[in-house]
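The next block holds one structure in the form of structure tokens; read it before the comments.
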There are 2 protein chains.
Amino acid sequence: MADTPGPAEPSLEEQIAAYQREFQDLDPQVEKVVSALSRLNRRMNVAYGRQTAELGISNAEWEVLKALVLAGRPYRLGPGDLAKRLGLTPAAMTHRIDRMVAEGLVTRERDGSNRVRVIVGLTDDGREKWLDAMRLASVFEEELLQDLSGEDRGKLGELLTKLLRRVETAQPDAGGRLRDLD
Amino acid sequence: MADTPGPAEPSLEEQIAAYQREFQDLDPQVEKVVSALSRLNRRMNVAYGRQTAELGISNAEWEVLKALVLAGRPYRLGPGDLAKRLGLTPAAMTHRIDRMVAEGLVTRERDGSNRVRVIVGLTDDGREKWLDAMRLASVFEEELLQDLSGEDRGKLGELLTKLLRRVETAQPDAGGRLRDLD
DNA sequence: CCTGAAGACTTCAGTAGTAAAGTTCGAAGC
DNA sequence: GCTTCGAACTTTACTACTGAAGTCTTCAGG
């Protein structure tokens, strides 16, 4: 009956056209960049979610593993620090760590020298999971960029870095939770 | 006391270096693009959240308004269709619409010809909010891209579109919820 | 007509997040 | 050496989303 079996999502081009129609004083070039960025990110998150699910972890857990590994040996950070790096509230971090300890991906210990401090450490199992995830991710990322020449990849990295610098100077530290408005 | 008052988040450069250290078979050029994309998106969402909060709505509500406006006049869509466009489950859509109806941003009616179908329509108030949000967003987006020449903006749009095309063909319709894996 | 299957939305139970209050320990002043 | 302040994590109450089950309507067949 429905002539449109999947109305679903309009294409990027249709969306740009709709913006022009509904809000004239908008630079289509700018809107194209912004819309593509946002869609791209959604798609990438879906892809990562698929991959981490394959490994039996969630994207959220993967982020924690990533932060610990990127911190470098001995792969230990406090919950507060982790929360800042992931852009979560400390409360959310507490719960996430609970789950990950239960799954054996990380350990939670009290700091010897300061008993109110907690230290989250990567287990061997956690490190293995991270490596597995990275192997999958790197294949996906290479595929994602496969249509771009080496030169284009460099250019893209450079352009994105410029944008990033701009927002980062505008929002000194948005590493915190989303609502540090007041 | 702490020599590192805000350990917070490592810079993009530090992060790339850490990846090289921890996982050698990774193209730094690729990782730079991917990391920049992900950070950029986080920052942008923070910025949008700040703006919509200024208008007394949430980012989630803004997305619904956006979908309705972009659908074109008469600015009406069913909850199921909306859910697909936003990448949510129908259940989440029901609740979101509840809130937005209560705030007078949209209306919920039964379709005359098919009484099981529901139609969500934009109110004048909702359209106003969308316009306000767009004005703020377009200023922000112009600022975001201000360091790029017209040529660079075009190039960036083109490169991002290439990536998008690649993921969209790889994942035919990920417009649905995140977990259509099984 | 009545029945059964399919579609579209809603309801329910469970999970993960935020904000704010609570707890515990360490450090600085008196 | 007590006491108070502050830092770091946890707990509590609430909000939003997912997946699955439920309800209601339409449509096709006997």
Take atom CD1 of B/I97 and atom P of C/dC9, then tell me their distance rounded to the nearest Å.
-> 8 Å

Derivation and outcome, salt bridge (Lys or Arg N to Asp or Glu O under 4.0 Å), residues B/R135 and A/D25 = CA-CA 9 Å; B/R135 289 192 198 98; A/D25 31 335; over 6 Å; no

Identify which nucleotide among C/dT11, C/dG17, C/dC9 has an atom closest to any side-chain atom of A/A60, counting heavy atoms from C-beta outward.
-> C/dG17

Rounded distance (Å) that lies between atom P of C/dA8 and atom CG of B/D81 = 11 Å

When the distance from CG of B/L88 to P of D/dG19 is rounded to whole Å, what number comes out?
-> 11 Å

Report yes if at least one side-chain N or O of B/R96 is closer than 4.0 Å to OP1 or OP2 of D/dA16; otherwise report no.
-> no

Does a donor on one side chain and an acceptor on the other come within less than 3.5 Å for A/E22 and B/Y75?
-> yes

Roughly, in whole Å, what's the span from CZ in B/R99 to C1' in D/dC17?
-> 9 Å

Given C/dA19, D/dT25, C/dT11, the nucleotide with the shortest approach to the side chain of A/T89 | C/dA19

Does OP1 or OP2 of C/dC9 have a side-chain N or O of B/R117 closer than 4.0 Å?
-> no

Any side-chain N or O of A/R108 less than 4.0 Å from the OP1 or OP2 oxygen of D/dT10?
-> yes

Find which nucleotide of DNA chain C each of A/V116 and B/G80 is nearest to by heavy atoms, and output the residue with the more 5' nucleotide.
-> B/G80

How close or far is atom C1' of D/dC9 from atom NE2 of A/H95, stated in whole angstroms?
-> 11 Å

If you check the B/A92 side chain, which of D/dC17, C/dA19, C/dC12 turns out closest?
-> D/dC17

Parallel, tilted or perpendicular: which fits the ring planes of B/F23 and A/W130, with parallel below 30° and perpendicular above 60°?
-> perpendicular

Does a nitrogen or oxygen in the side chain of B/R115 sit under 4.0 Å from OP1 or OP2 of D/dT26?
-> yes

Minimum-distance nucleotide (side-chain atoms of B/T94 versus C/dC9, D/dT10, C/dC12) | C/dC9

May I have the distance from B/N114 (atom CG) to D/dT23 (atom P), rounded to whole angstrom?
-> 20 Å

Between D/dT11 atom C1' and A/M93 atom CE, what is the distance in whole Å?
-> 17 Å

Would you say the side chains of A/E141 and A/Y48 form a donor-acceptor pair under 3.5 Å?
-> yes

Checking all strands, does B/R110 fall into the base, sugar-phosphate, or nothing category for heavy-atom contacts under 4.0 angstrom?
-> nothing

Verify, without hydrogens or angle tests, whether B/R43 (side chain) and A/E168 (backbone) share a donor-acceptor contact under 3.5 angstrom.
-> no

Could you give the NZ-to-C1' distance, from A/K84 to D/dA8, as a whole number of Å?
-> 10 Å

